[in-house]
Amino acid sequence: MPAAVAIGHAQQVNAVVSAGDFMPGVAPLGIASAFGSALSTVTASAAKLPLPTDISGNGLAWCDLTLDPTMMQCSAVQLFYVSPTQINFAVPNIEFSQNAQRHAFGVRPIFNGASSGPAFSAFPVQDFAPRLFWIGYDCLADTRFLHANVNCGLTTVKTDEAFQSDRGAVTDQNGIVLSSSHRAKLGEAYTIWTTGFGQSQNGKLTYPPLLLITNVPAYGYAGDTYLAGPILYAGLSPQYQGLYQLNFVLPVSIAGSSDPTRYPLFPCGDYDWEVSLDLIQGSGFGEIHANLVQIPIHVTKGDVPCA
């Protein structure tokens with residue numbers, strides 16, 4: 001059993017953010033994190049599905065401050081994890097009519113089935129707020145970079161302020177995270193694990209995402225940008241509530257460039273380099289970019305036609 005934690009007087013919620021990268025941006029059906037103090041009497045995770053709304057008497061109440069400014073009709077949310085300083089929870093499936101104003105929301109801790117403590121109020125819920133789950137820092141795999149292949153291995157501590165990659169939850173078809181010890185290969189399928197894609201209609205996302213792949217520039221070369229494809233699937237994951245996935249094929253066409261000013265690569269193979277994944281939803285002024293992560297790619301001879 002987890003050890004009980006004494007609740008002091010500084011009980012409050014300081015922020016509600018995306019669980020993907022802990023930055024602002026909460027969307028219906030996604031996963032969010034509430035940070036604060038004295039939020040729970042225990043540290044524990046949900047043990048089974050469906051997700052509980054109570055873990056050892058602890059929970060979180062969700063309030064629509066626009067419809068219920070006195071916060072008398074709040075409802076408990078489903079929980080992934082509770083601790084004194086952080087609660088991870090599933091964002092309710094909020095639907096807005098076309099003419100409805102944007103609502104403001106708040107949350108407050110629940111102890112022994114009763115709401116307690118002040119609410120964190122007036123945070124918006126967006127139609128979509130794409131976020132990749134951040135895994136950690138890693139070395140740059142491209143040998144043309146200064147400090148290439150130095151301090152390799154995933155870590156949450158930044159050891160090289162100028163020359164490190166951000167790795168995200170991008171896996172191969174065996175579920176192995178792409179990193180300096182497991183590099184991507186052209187022409188193969190990969191999965192990006194995200195949250196915040198928002199609602200679906202008839203099994204398809206209301207706001208389909210776009211994925212761009214950009215060569216990370218090195219030594220003065222600009223980075224070419226390519227449309228990733230094909231996107232095999234983008235939507236809620238059947239494996240885990242609140243989790244979204246985007247399955248895509250890493251195109252062979254991203255390797256190489258005939259323009260020497262735009263990051264040329266060796267066309268026949270046996271080299272490594274880094275690309276950034278830019279995940280986008282919406283368009284125009286409503287366009288939202290997810291947090292950038294990089295994946296390392298190794299090209300062997302035969303992957304790319306020789307010049």
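Within the 3.5 Å criterion, the main-chain N or O of G242 finds a donor-acceptor partner in the side chain of T195. Remark: side-chain polar atoms of Q199 are paired, donor with acceptor, to backbone N or O of I94 under 3.5 angstrom. Put simply, the side chain of E274 gets close to the backbone of A141: a donor and an acceptor are under 3.5 Å apart. Judged by distance alone, with hydrogens and angles left aside, the side-chain atoms of N174 form no donor-acceptor pair with the main-chain N or O of D172 at under 3.5 Å. The closest donor-acceptor contact from the side chain of D64 to the backbone of D68 lies at 3.5 Å or more, if one exists at all. The backbone N or O of T41 lies less than 3.5 Å from a partner atom in the side chain of N58, making a donor-acceptor pair. Between the side chain of Q164 and the backbone N or O of T159 there is at least one donor-acceptor pair closer than 3.5 Å.
Between N151 and F163 there is no side-chain heavy-atom pair separated by less than 4.5 Å. Residues L277 and I213 have side chains in contact (heavy-atom distance under 4.5 Å, counting atoms from C-beta outward). Between F197 and Y207 there is no side-chain heavy-atom pair separated by less than 4.5 Å. Looking at V293 and R167, their side chains never come closer than 4.5 Å, going by heavy atoms from C-beta outward. Taking the side chain as every heavy atom from C-beta outward, V150 and C139 never approach each other to under 4.5 Å. Looking at heavy atoms from C-beta onward, S18 lies out of side-chain contact with M23 at the 4.5 angstrom threshold. Taking 4.5 Å as the limit, some side-chain heavy atom of R131 sits within range of a side-chain heavy atom of N291. I288 has its side chain within reach of Q126: a pair of non-hydrogen atoms, C-beta onward, lies under 4.5 Å apart.
When the shell of 6.0 Å around CD of Q173 is examined, it contains more than 12 heavy atoms from other residues, nucleotides or ligands.
Between I55 atom CD1 and Y81 atom OH the span is 10.0 Å, to the nearest 0.5 Å. Distance check, rounded to the nearest 0.5 Å: CG of L250 to CG of L186 gives 5.5 Å. Note that the CG atom of L154 and the OG atom of S165 stand 10.5 Å from one another [nearest 0.5 Å]. Separation of atoms CG (L279) and OH (Y244) is listed at 12.5 Å; rounding is to 0.5 Å. Atom OH in Y271 sits 9.0 Å away from atom CD1 in I297 (nearest 0.5 Å). We find the CG-CE distance between L65 and M71 to be 6.0 Å, quoted to the nearest 0.5 Å.
Side chain to side chain, T191 and Q245 fail the donor-acceptor criterion of an N or O pair below 3.5 Å. Remark: the Q78 side chain and the T53 side chain contain no N/O donor-acceptor pair separated by less than 3.5 Å.
Of all heavy-atom pairs spanning S83 and L39, the tightest one is O-CB, 3.7 Å.
Using a 4.5 Å cut-off between side-chain heavy atoms of Ile, Leu, Val, Met, Phe, Trp and Tyr, with links allowed through other members, L51 and I31 fall into the same hydrophobic cluster. Side-chain heavy atoms closer than 4.5 Å link hydrophobic residues (I, L, V, M, F, W, Y) into clusters, and following such links, even through other members, never connects V275 to V249. Placement of V170 and W273 within a single hydrophobic cluster is found when ILVMFWY residues are connected by side-chain heavy-atom separations under 4.5 Å, directly or transitively. When hydrophobic clusters are built by joining Ile, Leu, Val, Met, Phe, Trp and Tyr residues whose side-chain heavy atoms come closer than 4.5 Å, directly or via intermediates, I192 is not grouped with F128. Linking Ile, Leu, Val, Met, Phe, Trp and Tyr whenever their side-chain heavy atoms come within less than 4.5 Å leaves W193 and L246 in two separate clusters.
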* Test side-chain contact (heavy atoms from CB on, under 4.5 Å) on T194 and L132 and set out the steps. => CA-CA 4 Å; T194 73; L132 280 70; 4.2 Å; yes
* Asked: Between L292 and D166, does a side-chain contact (heavy atoms from CB on, under 4.5 Å) hold up when you go through it step by step?
  -> CA-CA 8 Å; L292 285 175; D166 284 278; over 6 Å; no
* Test side-chain contact (heavy atoms from CB on, under 4.5 Å) on V157 and T155 and set out the steps. => CA-CA 5 Å; V157 179; T155 175; 3.8 Å; yes
* Walk me through it: do D303 and V252 pass the test side-chain contact (heavy atoms from CB on, under 4.5 Å)? => CA-CA 7 Å; D303 291 348; V252 175; over 6 Å; no
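In this structure, Y137 shares a hydrophobic cluster with W134, the cluster being traced through Ile, Leu, Val, Met, Phe, Trp and Tyr side chains under 4.5 angstrom apart. Hydrophobic cluster membership of V17, counting Ile, Leu, Val, Met, Phe, Trp and Tyr whose side-chain heavy atoms lie under 4.5 Å apart directly or via other members: F22, F35.
With respect to R183 and E188, no salt bridge is recorded, no charged nitrogen being found less than 4.0 Å from a carboxylate O.
A tilted orientation is assigned to the rings of F105 and W62, their planes being inclined by 30° to 60°.
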